[in-house]
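Taking it in order: structure first as structure tokens, then the write-up.
Numbers for residues simply follow the sequence, beginning at 1.
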Amino acid sequence: MAELKLIHGRQSDKYDHFKEYEFVSCRAVATRLMGVVALKVSWRGINERRAAFYQIMHLDYSEYGVDDYQEFECMPGSEDYASSKDEMNGLWDYFTSVMGGEIITIDAPTMLRAIESALPLASEDLDREYDDDENRRFRAYARMRLGYMIDALSDQGITSADCSLRDMIETLSPLRLSAYETINYFIMRMIDQDFDAAATLTDIDRDRLPDVEITKPGIQTLVKCDITAGDKRRDRAVDGISHPFRCRVTTLARDAYYHMTFIIWLSGSKRSSNPLVTEIRTGSVIRMSDYEASLQVNRTEYLTVFGCQDSMLEGFDPKYIGPLSHARPTMVPNGWLYTAYKQDNSHVDTPHYMLNDDVYGYALLSIPGELILMSHDLRNISMLDDSTIFSLYAPFISTKGRFRLDSSVFQTICQTQGVLFGDLVEPGED
């Protein structure tokens, strides 16, 4: 009796394209200390040398392992060659603008080590704050495709054996860190329970890091961090020479906001390059009430509100408004939200870190027909305003007003279906 065998076509997720291609190069955004890395992997056809195959992926080293993974086969002469190439480049440009890190070329062993260290987090036996069947299907798909990739490279004699975990993390991190960057990145990696990355910033033994009290609320996001230089005589280090820095931190865990105070000692002063954390001593870890949290995270909002013709809702493309040129739409209850990023991580090199300080500004194209621009920076809102007024959309918009609000309203507008700006703001608040 003949044995039947299922043969997967090229359009199938289970078709192994990697057997037809050879590895060419990998570009990476060096943001491992932010807990994420984006990779662009290029392949060339073995038999058809003009054929190209690309992988764009976003790796997460906290809860999800793989946040995004897409493949693009670009065959010269095919109908979708140009569109596939444009879509691939657009996705890569988006990641590089959002993540704000240096773009570097890495070798295949470093690339494999970065992928292999993220894949265990994409397994199905981990507890995650947000998850659903669609996300689980995506992770299964990504694990399968990356498995094909790893096997194909192994057949070519390429493995991760030539790159250690620490070497990979250091390669995908900034070459030079200030004292403030060291502290802020260390806190981020610790409260995100990403201890492998935190260990590259300290000479504290890696196995001791999970026992530090600031990690006890579970995986957290750093919302705010205020750093002041301590007094070496009052805040005496165990080694007698390290420099103290006092930190007041607000974090967001799954269950609540937390306020923490602690001292971090560095091997160098605030003027040093690449200092290491030598010691951390926790003062307090306090769960905050909703009222206390709102006081901590509330920020001034500068807004410009335009009325829009209906045609704006049908054909709006942010690429015609300079600061929004790389923004991608996110569906929110009241329309489409576009986020413009500063395209660097300079906001980490500060004694007063704030979450989202890497954001240049926002634009909401709302269902009721308003284009609302918002930034926490007066200069940025002015640039967004000017870029919009002088864009090709000028004939389709009318200015309703410019506002400065000391209480947050923009998020409420985004999340409330059908609401107009004027429904939430008194006329006297302009």
Side-chain angles (χ1 to χ4, degrees), residues 6-29 36-59 66-99 101-108 110-112 114-115 134 137-156 158 314-322 324-331 336 338 340-341 343 392:
L6 177 62
I7 299 176
H8 297 285
R10 297 189 67 83
Q11 300 302 314
S12 170
D13 290 343
K14 296 183 178 180
Y15 184 83
D16 191 352
H17 298 79
F18 299 97
K19 292 181 178 179
E20 302 176 8
Y21 292 87
E22 61 182 4
F23 173 80
V24 176
S25 64
C26 179
R27 300 281 280 166
V29 184
V36 291
V37 168
L39 302 178
K40 174 186 175 182
V41 189
S42 302
W43 302 71
R44 181 173 54 212
I46 295 174
N47 297 318
E48 174 52 72
R49 304 299 286 176
R50 296 183 305 157
F53 190 73
Y54 300 96
Q55 298 164 285
I56 306 291
M57 67 191 81
H58 183 270
L59 304 176
V66 184
D67 271 341
D68 200 352
Y69 176 83
Q70 296 187 44
E71 297 175 353
F72 303 88
E73 191 170 24
C74 300
M75 305 286 290
S78 63
E79 292 183 1
D80 62 349
Y81 173 78
S83 60
S84 293
K85 200 75 177 288
D86 287 345
E87 186 179 355
M88 181 272 297
N89 287 325
L91 182 60
W92 178 243
D93 288 344
Y94 169 71
F95 280 141
T96 57
S97 65
V98 168
M99 299 171 73
E102 181 184 2
I103 303 171
I104 61 174
T105 298
I106 60 175
D107 60 21
T110 303
M111 173 191 73
L112 285 172
I115 294 170
E134 182 179 357
R137 287 193 296 270
F138 161 73
R139 288 196 301 273
Y141 160 77
R143 292 197 308 269
M144 177 185 66
R145 299 301 297 175
L146 289 169
Y148 290 159
M149 170 196 183
I150 293 169
D151 290 343
L153 289 171
S154 179
D155 290 343
Q156 299 174 28
I158 302 172
E314 301 169 1
F316 180 71
D317 190 331
K319 71 180 181 182
Y320 298 111
I321 300 177
L324 297 171
S325 59
H326 293 295
R328 296 164 67 92
T330 300
M331 286 291 296
W336 298 266
Y338 300 85
Y341 291 87
Q343 302 187 32
L392 59 79

Could you report the tightest heavy-atom contact between [X] and [Y], atom names first, then the distance?
X    : Y    : value
I46  : E22  : CG1-N, 3.9 Å
Y81  : P76  : CD1-N, 3.6 Å
L112 : I158 : CD1-O, 3.7 Å
Y21  : A52  : CE2-C, 3.9 Å
P318 : L324 : CB-O, 3.4 Å
S97  : Y341 : O-CB, 3.5 Å

If you define the side chain from C-beta out and look only at heavy atoms, does anything of [X] sit under 4.5 Å from [Y]?
X    : Y    : value
T96  : R27  : no
V98  : R328 : no
L59  : D67  : no
H58  : Y94  : no
M57  : V41  : yes
Y148 : M144 : yes
L146 : V66  : yes

Does CG in D155 sit with more than 12 non-hydrogen atoms of other residues, nucleotides or ligands closer than 6.0 Å?
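Result for CG/D155: enclosed.
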May I ask you to check whether over 12 heavy atoms, not counting those of Y320, lie within 6.0 Å of atom OH?
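No, the 6.0 Å shell around OH holds no more than 12 heavy atoms from other groups.
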May I ask you to check whether F53 and F18 place their ring centres under 6.0 Å from each other?
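Yes, ring centres under 6.0 Å apart.
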Extract all donor-acceptor atom pairs below 3.5 Å that involve side chains of residues 83-90 and protein atoms in other chains or at least two apart in sequence.
{"from": "S83", "atom 1": "OG", "to": "D80", "atom 2": "O", "distance (Å)": "3.1"}
{"from": "S84", "atom 1": "OG", "to": "D80", "atom 2": "O", "distance (Å)": "2.9"}
{"from": "N89", "atom 1": "ND2", "to": "K85", "atom 2": "O", "distance (Å)": "3.2"}

Using 0.5 Å steps for rounding, measure from the [atom1] atom of [X] to the [atom2] atom of [Y].
X    : Y    : atom1 : atom2 : value
D317 : Y338 : CG    : OH    : 7.5 Å
S42  : I56  : OG    : CD1   : 7.5 Å
W43  : L153 : CH2   : CG    : 4.0 Å
F138 : R143 : CZ    : CZ    : 10.5 Å

Mind checking what makes ring pair (Phe, Tyr, Trp, His ring centres under 6.0 Å) contact with H326, not counting sequence neighbours?
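By the ring pair (Phe, Tyr, Trp, His ring centres under 6.0 Å) rule, H326 matches no residue at all.
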Looking at R145, H17, Q55, which one forms a side chain to side chain donor-acceptor pair (under 3.5 Å) with E71?
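That would be R145.
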Worked check of side chain to side chain contact (heavy atoms under 4.5 Å, CB included) between I103 and K40:
CA-CA 10 Å; I103 303 171; K40 174 186 175 182; over 6 Å; no
Stepwise, does the side chain to side chain contact (heavy atoms under 4.5 Å, CB included) test hold for L91 with D68?
CA-CA 10 Å; L91 182 60; D68 200 352; 4.2 Å; yes
